[in-house]
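Step one of this worksheet: look at the structure below.
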Amino acid sequence: MTQPSTISVERSAPGIRKITFSNPPVNLIVGETVSRLVEVVTELSEDPQVHVAVFTSSTPGYFFNHFDLDRVADFMPSDPEATPAWIDLVIRLSTASFISIASIRGRTRGGGDELALACDLRYASREHAVFGQPEVGGGILPGGGGTERLPRLTGRDRALEAILSSNDYDADSAERYGWVTRAVADAELDGFVDGVAKRLASFDKTALAAAKAQVNRATLPPDADLRAAYTEFLGSLTWPGVQAFLPRFEKLLAEKGPEEVELRLGDYLGIARQESR
């Protein structure tokens with residue numbers, strides 16, 4: 001029996017498409033998520049009627065979360081010479097002819113944060129959005145654009161703090177750092193994002209796309225850097241550090257439960273590291 005997709009798309013208003021992610025309980029990104037998003041972004045890029053795409057989640061407490069590393073084979077490119085699907089996705093998204101908006105309510109870490117960083121605009125629930133790049137705490141490297149995009153938004157030192165500490169950051173900190181476009185009261189988030197999307201959708205698409213392309217020239221990382229980072233991420237999965245860390249972290253997951261650990265992942269990464277020494 002064919003499993004339902006983790007991604008759904010709806011026409012929420014003229015010129016606007018809403019892309020919703022659902023992979024409960026904690027919205028881990030799997031291979032199907034990536035392949036379907038590549039299809040969706042490609043289709044929307046080829047549709048002259050689409051001005052704006054809003055990315056959101058239907059799983060309480062979570063936006064797009066990190067990769068499901070229990071299914072790491074999902075993220076291995078079948079052709080070593082080809083651009084990995086994830087890098088294809090984030091490049092297509094950041095250079096698409098439509099404007100992409102991440103409407104972030106809940107936790108977004110690792111690959112999920114890297115997807116949000118590839119969007120043109122990021123609006124976050126002040127009370128409920130949480131951000132992080134937890135890879136280093138787990139003994140591996142970010143590979144989906146975090147090390148290339150975050151420093152361009154926050155500056156070198158704040159990006160290093162976030163990436164090296166593997167800690168969680170609330171929406172107010174993310175707004176102050178420049179990680180997100182704006183933090184909005186949770187009760188106002190949906191209406192605010194709808195208002196921005198409808199305003200942009202009312203503008204001429206040619207002007208929107210041309211203005212985005214001009215800003216892209218000054219701000220986007222080179223595609224080659226994104227590909228290199230993904231290769232380094234894949235290599236880091238075999239490092240001795242992550243192999244030593246995993247048994248302790250898996251024990252913590254068994255003791256506390258995956259949902260509890262995901263709620264406070266930054267804290268639990270530190271606990272697992274301290275207890276593995």
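We count residues from 1, following the sequence as given.
Counted by atom type alone, Thr83 and Arg227 present one or more donor-acceptor pairs between their side chains at under 3.5 Å. Between the side chains of Thr42 and Arg92, at least one donor N or O lies within less than 3.5 Å of an accepting N or O. Between the side chains of Thr33 and Thr6, at least one donor-acceptor pair of N or O atoms lies under 3.5 Å. Side-chain contact check for Asn27 and Thr59: at least one donor-acceptor pair (N or O, by modelled atom type) lies under 3.5 Å. Tyr169 and Gln133 share no side-chain donor-acceptor pair at under 3.5 Å. For the residue pair Glu10 / Thr20, no side-chain donor-acceptor distance below 3.5 Å is found, with atom types taken as modelled.
Distance check: Ser35 OG to Asp88 CG gives 11.5 Å after rounding to the nearest 0.5 Å. Taking OG of Ser57 as the reference point, atom CZ of Arg105 lies at 9.5 Å (rounded to 0.5 Å). In this structure, CZ on Arg122 lies 4.5 Å from OG1 on Thr181, to the nearest 0.5 angstrom. Taking CZ of Phe203 as the reference point, atom NZ of Lys198 lies at 14.5 Å (rounded to 0.5 Å). If you take NZ on Lys212 and OG1 on Thr219, they are separated by 10.0 Å, rounding to the nearest 0.5 Å. To the nearest 0.5 angstrom, Glu135 atom CD is 11.5 Å from Leu164 atom CG.
Val34 and Ile19 fall within a single hydrophobic cluster, where Ile, Leu, Val, Met, Phe, Trp and Tyr are joined by side-chain heavy atoms under 4.5 Å apart, directly or via other members. Tracing side-chain contacts under 4.5 Å through hydrophobic residues (I, L, V, M, F, W, Y), one never reaches Leu93 starting from Leu121; they form parts of separate clusters. Val30 and Leu234 fall into different hydrophobic clusters, where Ile, Leu, Val, Met, Phe, Trp and Tyr side chains are chained together by heavy-atom contacts under 4.5 Å. Residues Phe233 and Leu28 do not share a hydrophobic cluster, defined by chaining ILVMFWY side chains whose heavy atoms lie under 4.5 Å apart. Met76 and Leu141 sit in two unconnected hydrophobic clusters of ILVMFWY residues. Membership requires side-chain heavy atoms under 4.5 Å apart, directly or through other members.
Pro142 is listed as a side-chain neighbour of Glu114, based on a closest heavy-atom distance under 4.5 Å. Arg107 has its side chain within reach of Leu263: a pair of non-hydrogen atoms, C-beta onward, lies under 4.5 Å apart. Within the 4.5 Å cutoff, side-chain heavy atoms of Ile104 are placed close to those of Phe131. At a threshold of 4.5 Å between non-hydrogen side-chain atoms, the residues Phe98 and His51 do not count as touching. Between Leu226 and Pro221 the shortest side-chain heavy-atom distance falls below 4.5 Å. For the pair Ile29 and His66, the minimum side-chain heavy-atom distance is 4.5 Å or more. Between Tyr62 and Phe21 the shortest side-chain heavy-atom distance does not fall below 4.5 Å. Glu262 is not listed as a side-chain neighbour of Tyr268, based on a closest heavy-atom distance of 4.5 Å or more.
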| request: Evaluate the criterion salt bridge (Lys or Arg N to Asp or Glu O under 4.0 Å) for residue pair Arg264 and Glu260; output intermediate values, then yes/no. | output: CA-CA 7 Å; Arg264 298 173 45 224; Glu260 164 61 21; 3.4 Å; yes
| request: Please step through side-chain hydrogen bond (donor to acceptor under 3.5 Å, both in side chains) for the pair Thr108 and Asp113, ending with a clear verdict. | output: CA-CA 5 Å; Thr108 177; Asp113 184 55; 4.7 Å; no
| message | The test is side chain to side chain contact (heavy atoms under 4.5 Å, CB included); show your working for Leu115 and Leu89 and say whether it passes. | response | CA-CA 9 Å; Leu115 180 76; Leu89 168 62; 4.0 Å; yes
| Test log, rule side chain to side chain contact (heavy atoms under 4.5 Å, CB included), inputs Glu161 and Tyr177 | CA-CA 11 Å; Glu161 178 193 65; Tyr177 279 22; 2.8 Å; yes
| task | Apply the test side chain to side chain contact (heavy atoms under 4.5 Å, CB included) to residues Leu220 and Arg149: give CA-CA distance (whole Å), side-chain angles for both, the deciding distance (0.1 Å), then the verdict. | result | CA-CA 7 Å; Leu220 288 188; Arg149 298 186 195 274; 3.7 Å; yes
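Paired with Pro134 under the rule side chain to side chain contact (heavy atoms under 4.5 Å, CB included), one option of Leu265, Ile140, Asp168 passes, and it is Leu265.
Nearest heavy-atom pair, Ala201 versus Ile16, reported as atom, atom and distance to 0.1 Å: CB-CG1, 3.7 Å. Nearest heavy-atom pair across Ala197 and Val54 is CB-CG2, 4.1 Å. Closest approach of Ser97 to Ser45, counting heavy atoms only: OG-O, 3.4 Å. For the pair Tyr230 and Pro77, the tightest heavy-atom approach, listed with the atom from each and the gap, is CE2-CD, 4.4 Å. The two atoms that bring Ala183 and Arg126 nearest to each other are O-NH2, 2.8 Å, heavy atoms only. Shortest non-hydrogen contact noted between Val180 and Ala124 is CG1-CB, 4.3 Å.
Listed for the Arg248 side chain is no donor-acceptor partner under 3.5 Å among the backbone atoms of Ala244. Without hydrogens or angle criteria, Asp186 side chain to Glu127 main chain gives no donor-acceptor distance under 3.5 Å.
Salt bridge Glu39/Arg36: present, at least one basic N to carboxylate O contact under 4.0 Å.
Taking the six-membered ring where tryptophan is involved, the planes of Trp86 and Phe67 are perpendicular, since the angle between them exceeds 60° and thus also 30°.
With a 6.0 Å cutoff to the six-membered ring centre and a 45° limit on the axis angle, Arg182 does not count as a cation-pi contact of Tyr123.
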